[in-house]
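Right, one structure below, let's go through it.
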Amino acid sequence: MATARLDRFVRENFQQLRCNKYVKSQESEERICGCNRDERWHADCGVPVTPLPSREGAAADGPLQWDSAACCLRLPTNAHGRIKFRGFGRLRSANCP
């Protein structure tokens, strides 16, 4: 029974974020999106890599800021394996691996 509860907890609380808007990173001279993936990854995934128009109220030549809430799709997790939470279920835990 505990395994079924844990499976449900993971499905309900863990998500995969997948970038669906290419917004060139302002910190990088290369063609890297704000999600830290390159332009080619976006093109291979079918994400348009054309420059996005600036937001209303922003400078006309200023690019959009990349934001995970606005630029990512939330999908069910595809993670497999075991996850070890430090101190899970304990009131106190040592700060060590």
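Values below: every heavy atom of this structure, side chains too, minus hydrogens, waters and symmetry copies. Note that this is a predicted model, so its numbers are computed, not measured.
One distance of note links OG of Ser28 with CG of Asn36; it measures 8.5 Å at 0.5 Å rounding. We find the CG-OG1 distance between Asn13 and Thr77 to be 11.5 Å, quoted to the nearest 0.5 Å. Of the inter-residue distances, the one linking Cys33 atom SG with His42 atom NE2 reads 3.5 Å to the nearest 0.5 angstrom.
Contact of the Trp66 side chain with the Tyr22 side chain is not registered, since no non-hydrogen atoms from C-beta on lie closer than 4.5 Å. Inter-residue side-chain proximity for Leu17 and Arg74 is flagged as met; some heavy-atom pair is nearer than 4.5 Å.
Contact check on Arg11 versus Asp7 returns no salt bridge, with no Lys/Arg side-chain nitrogen under 4.0 Å from an Asp/Glu carboxylate oxygen.
Considering only residues two or more places apart in sequence or on other chains, Glu30 meets the side chain to side chain donor-acceptor pair (under 3.5 Å) condition with none of them. Remark: Arg31 pairs with Glu39 by the side chain to side chain donor-acceptor pair (under 3.5 Å) rule, at least two apart or across chains.
The residue from Lys21, Arg18, Gln65 that alone fulfils the side-chain contact (heavy atoms from CB on, under 4.5 Å) condition with Cys71 is Lys21.
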